[in-house]
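Excluded from the calculations below are hydrogen atoms, water molecules and symmetry mates; all remaining heavy atoms, backbone and side chain alike, are included.
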Amino acid sequence: MVDIFRCRRGAVYHNTARRTPAEIKRETGCTHIINGGFFNSTFQPVGWTVVEGKTIASDQYTDWGVSIGYDGLPIMSTDRGYSFLSGVPILKNGAKLQRDLTPDVARKAERTAVGWMKDGQVLLWCDKQALTREQLQEKLLSYGCIDGIMLDGGGSTQSVFPDGAVSSSRIVATLLLFWEEEETEMNVKTYSLCKDGATSLAEHFRVKEFRCKDGSDTILISDKLVELLENIRNRFGKPVVIHSAYRTEAYNAQVGGAAKSQHKLGKAADISIAGVTPLEIAQVAERLLPTSGGIGVYGTFTHVDVRDSRARWDSRSGKETVVSGWEAEESQVESELEAAVKWITESGIMKGNGTDLMLEKTLTREQLAVMLYRYHCQA
């Protein structure tokens, strides 16, 4: 099997619990998983194996391997600082690499490999077709790979991809996990908690507030969601606490989130405001999202999202109830607006009958300054 995709995150998995690839995939929520490096008869990895800063195994060599930094992106490198898995380097910058191979590795056998394309995409090769190293090099070059690492093969060859799997009865000591980059809207951006955590997205919000609670580095955030939260914050004049925003596939499953949750797309947030009820937040969100978005009222927080369609629900009772909106609060605001317009018109603070204000519902700074000045002169 071969799959080429744009990878947003990778990980080295030390399989101490001796799980199958399918079990690990369900546990982690990764989109692709393949067997990793070589290991011995005591189930210990052979060669460099580093998992999130912890060295599991090492040797005297400093050759290229699959390296994953704090940004989560897998590359072919000698950097063993964060996560790293040794293999046999077979391609670098489009050229074949020749390394001394033991007879077991040099023989014609089933093969697993990771390749990197010129455009940055990752190629995974995991196939029961028996190949020599030279034949595998030719295969990867034919797909356009410029870098490549050969991993353990033979009876260890196994994988689970979105469109199929390569099975083996052998349990392996290490595996490589990959999360495919999802197709996102133009307004959804990808951030790194490590690099961008302190970055301001708006006057009152920073990247780290949207992070997934599982501690992962990648964060997806919709510009539209930030704009919505900023507007809600300004309406109340109080800080908005984000309890949950972006969620990885695994964390969303862990907390019982919907399979098609907007949290996984970086388009949703569960929020609260001190001294404000979840319903009051929902009523403001209703006015900001009259024809689109998701709004859900819960006992201690309000869910808001910026989906294109429209969804409303009330879960305060513990049983979700679909609602069409909270128009009553809107009517109250309209009544207050009418009363305010009548007062400022009759008092002479605003000239005319207030029709423009009723239509626009907004004032320029100059208009507001004139009205306040008139009020001051009359006081």
Side-chain angles (χ1 to χ4, degrees), residues 1-13 21 25 28 30-38 47-52 61-99 101 105 110-127 129 131-153 156-164 166 174-183 190 192 194-195 217-218:
M1 290 188 66
V2 180
D3 201 358
I4 301 173
F5 59 97
R6 197 163 296 280
C7 180
R8 64 179 173 86
R9 183 160 68 98
V12 177
Y13 189 94
K25 187 174 184 295
T28 62
C30 64
T31 56
H32 301 70
I33 181 170
I34 60 174
N35 62 276
F38 306 102
W48 279 93
T49 305
V50 182
V51 180
E52 296 183 353
Y61 302 106
T62 57
D63 212 344
W64 288 296
V66 179
S67 177
I68 302 170
Y70 290 97
D71 61 1
L73 297 178
I75 60 173
M76 183 173 174
S77 172
T78 60
D79 184 358
R80 290 155 167 76
Y82 187 61
S83 291
F84 185 90
L85 192 67
S86 288
V88 179
I90 57 175
L91 296 176
K92 190 60 182 175
N93 297 326
K96 295 180 182 179
L97 296 175
Q98 303 299 327
R99 295 290 188 269
L101 300 178
V105 178
E110 298 94 333
R111 296 295 178 190
T112 301
V114 183
W116 287 267
M117 314 293 283
K118 190 174 183 179
D119 63 0
Q121 292 191 90
V122 170
L123 178 147
L124 298 183
W125 177 283
C126 186
D127 200 271
Q129 179 184 5
L131 299 172
T132 63
R133 174 185 57 185
E134 289 69 24
Q135 289 174 322
L136 179 60
Q137 288 172 320
E138 290 295 337
K139 292 283 187 180
L140 296 188
L141 287 171
S142 70
Y143 280 97
C145 284
I146 56 173
D147 293 343
I149 298 288
M150 184 172 72
L151 300 165
D152 195 4
S156 296
T157 304
Q158 53 194 282
S159 66
V160 181
F161 294 169
D163 296 327
V166 175
T174 59
L175 301 100
L176 284 172
L177 282 53
F178 303 87
W179 286 259
E180 184 174 0
E181 187 175 283
E182 297 172 341
E183 291 292 333
T190 301
S192 161
C194 179
K195 293 182 178 180
D217 186 67
T218 301

>> Do Leu151 and Val114 make a side-chain contact, defined as non-hydrogen atoms from C-beta onward lying under 4.5 Å apart?
In response: yes
> So Tyr13 and Ile33, side-chain contact (heavy atoms from CB on, under 4.5 Å) or not? Walk me through it.
Replying inline: CA-CA 10 Å; Tyr13 189 94; Ile33 181 170; 6.0 Å; no
> Do the non-hydrogen side-chain atoms of Trp179 and Thr218 ever get within less than 4.5 Å of each other?
Replying inline: no
> Under a 4.5 Å cut-off applied to non-hydrogen side-chain atoms, are Gln98 and Glu134 in contact?
Replying inline: yes
> Given the rule in the side-chain contact (heavy atoms from CB on, under 4.5 Å) test, do Leu136 and Met150 qualify, once you have shown the distances and angles that lead to the verdict?
Replying inline: CA-CA 9 Å; Leu136 179 60; Met150 184 172 72; 3.7 Å; yes
>> With a 4.5 Å cut-off on side-chain heavy atoms, are Met76 and Ser67 touching?
In response: no
>> Distance to the ring centre below 6.0 angstrom and angle to the axis at most 45 degrees; does that hold for Lys139 and Trp125?
In response: no
>> Strictly distance-based, threshold 3.5 Å: is any side-chain N or O of Arg80 a donor or acceptor partner for the main-chain N or O of Thr78?
In response: yes
> For the atom pair CG (Leu91) and CG (Leu97), what is the distance rounded to the nearest 0.5 Å?
Replying inline: 6.5 Å
>> Measuring only between side-chain heavy atoms, which start at C-beta, is Val122 closer than 4.5 Å to His32?
In response: no
>> Nearest 0.5 Å, please: how far is CZ in Phe161 from CG in Leu124?
In response: 4.5 Å
> Can you tell if the side chain of Thr112 reaches within under 4.5 Å of the side chain of Ser159, non-hydrogen atoms only?
Replying inline: no
> Is the backbone N or O of Val12 less than 3.5 Å from a side-chain atom of Ser83, with the two atoms forming a donor-acceptor pair by type?
Replying inline: no
> Side chain of Ser192, backbone of Asp71: donor and acceptor closer than 3.5 Å?
Replying inline: no
>> What's the separation between atom CH2 in Trp64 and atom CG in Asp147, rounded to the nearest 0.5 Å?
In response: 8.5 Å
>> To check you understand the geometry: which heavy-atom pair defines the closest contact between Cys145 and Met117, and what is its length?
In response: SG-SD, 3.7 Å
> Does one side chain, of Asn35 or Ser156, offer a donor that lies under 3.5 Å from an acceptor on the other?
Replying inline: no
> Could you give the distance from CZ (Arg111) to CG (Leu140), rounded to the nearest 0.5 Å?
Replying inline: 11.5 Å
> Taking it one step at a time, do Ile68 and Leu73 satisfy side-chain contact (heavy atoms from CB on, under 4.5 Å)?
Replying inline: CA-CA 6 Å; Ile68 302 170; Leu73 297 178; over 6 Å; no
>> I'd like to know if the side chain of Thr31 and the backbone of Phe178 have a donor-acceptor N/O pair within less than 3.5 Å.
In response: yes
>> Which heavy atom of Leu177 sits nearest to which heavy atom of Cys30, and what is that distance?
In response: CG-SG, 3.9 Å
>> To the nearest 0.5 Å, what is the distance between CG on Asp217 and SG on Cys194?
In response: 6.0 Å
>> Just so I know, are the side chains of Lys96 and Glu138 near enough to count as touching, which here means a heavy-atom distance under 4.5 Å?
In response: yes
> Can Trp116 and Ile149 be said to form a side-chain contact (heavy atoms from CB on, under 4.5 Å), step by step?
Replying inline: CA-CA 9 Å; Trp116 287 267; Ile149 298 288; 4.0 Å; yes
> Can you tell me how far CD1 of Ile146 sits from CG of Leu123, rounded to the nearest 0.5 angstrom?
Replying inline: 12.0 Å
>> Within the structure provided, determine whether Asp119 and Arg6 are in side-chain contact (heavy-atom separation under 4.5 Å).
In response: yes
